[in-house]
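Have a look at the structure below, then the notes.
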Amino acid sequence: MSEPVESSEVKSPSYDLSKFRLKRILTNNSVRKSISLLGTFPDLGTEDAIVVFEKNAYRESDVATESPSEDSESPKKPSYFSADLKVDTEFVNNIYGSFQVVPSRDLCGVKSTVIYPATEKHIEKYSVCQKYLIRETPDLYQKITLPYLTSSQFSLEWVYNILEHKQEKERIVFEDKDPETGFILLPDLKWDGRNIETLYLLGIVHKHDIKSLRDLNGSHLDLLRNLRQSSKDAILKRYGVNPNQLRMYFHYQPSFYHLHVHINPVRNDAPGIWCEKSHMLDTVINNLELMPDYYQRATLPFVLYEGNKLLDLYEHEQPIRVVPVLTDDKEQPEKGSTDAEPADGFSDDEQEERQCKRIKLATPEPKEVEATVQACA
Ligand code: M7G
């Protein structure tokens, strides 16, 4: 491992965020209150930039109210309920009131992530919409996924910068330097670093030859057990979070092919915790204890999204986007049939109309795609 060079750490970006110029909106998620934008920094050139804005979650301490008896000498913490709160009344009706409020500056922060210069692959990732499930057998992994990820994957430069203490050194929460079983624990890019409710840490292993879950075998059990126990201990010490309230998992497929574990509190629905993408660390350890080559033998499902070239490669192997036409009479009751409601729930529709809706659901028209892009993340 190279010696840390403290002075080389980049502390300020080359761009001025306020000079970002929008080309188009990639996603707008009203549930997560986040928006991903594609644009440029014209004063720096024509290279693409991605800017993600996400409204911060509420911190419980920010809604605390001061009791009149409290020491007026002690420094004031920012709170929504203070003279700084600007209130515009929308309407008051009987016992109900509706307002637009603007709290003090300290509470209005928006978490912003910038990727500059952004590659085509980043644009794909942030434009996610139509998704498909792939059942990856070990053969398909060797034949399709592995060659693809070897030739086309996101740069791991940021991971090596962390492991070599070149960047984010001050953010490290815990490090075990053992080259076989060691790792670095630090806040994920997605965490605002303020709110324990939304705590999100990453455990990045020092070992360089484990791309993903697929590569794990019985010889990695010591590493995985250490990752589990030492992370829990460090998080309890630093953040006071009960180890039994932590969710620890791997993504399959990950975006970055250097083994890392995601850690966040079970009571927070962190992005990317869906069952089709996440594999709990506890389950992974248990599978390897039962069968050391489990992940070399298992069929692993994963999600691919429209725009990802791997999807086209799988499409050559097996139909993925095309919806099979059902021919079984039971599945498509004839006009006037008294059959029970079909599984798709289009009970009152004519057969043709039903089929048409099925196709529409599976193959959105360009305009619909645009509309859905706005609605999903
Ligand atoms: P993943 O499972 O490979 O991909 O996780 P995902 O983005 O589909 O979840 C990689 C994790 O690394 C994500 O949770 C990212 O937010 C996080 N991450 C990505 N970058 C580029 C950085 C970074 O530069 N620093 C830190 N601390 N985290 C990052």
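Every number for a ligand or one of its atoms is a count from 1 in the order of the listing.
Listed by chain and number, residues touching ligand 1 at under 4.0 Å (heavy atoms only) are Lys125, Trp158, Glu168, Arg171, Pro187, Asp188, Leu189, Lys190, Tyr200, Leu202, His251, Pro254, Ser255, Phe256, His260, His262, Lys277.
When only modelled atom types and interatomic distance are considered, Thr145 and Glu136 share a side-chain donor-acceptor pair under 3.5 Å. Using a 3.5 Å distance cut-off with no hydrogens or angles, the side chains of Thr299 and Thr137 do not pair a donor with an acceptor.
Geometrically, Lys166 does not engage Trp158 in a cation-pi contact defined by less than 6.0 Å to the ring centre and at most 45° from the axis.
Residue Tyr96 belongs to a hydrophobic cluster whose other members are Ile95, with links defined by side-chain heavy atoms closer than 4.5 Å. Chaining together hydrophobic side chains whose heavy atoms lie under 4.5 Å apart leaves Leu189 on its own.
His279 is linked by a ring pair (Phe, Tyr, Trp, His ring centres under 6.0 Å) to nothing, counting only residues two or more places apart in sequence or in another chain.
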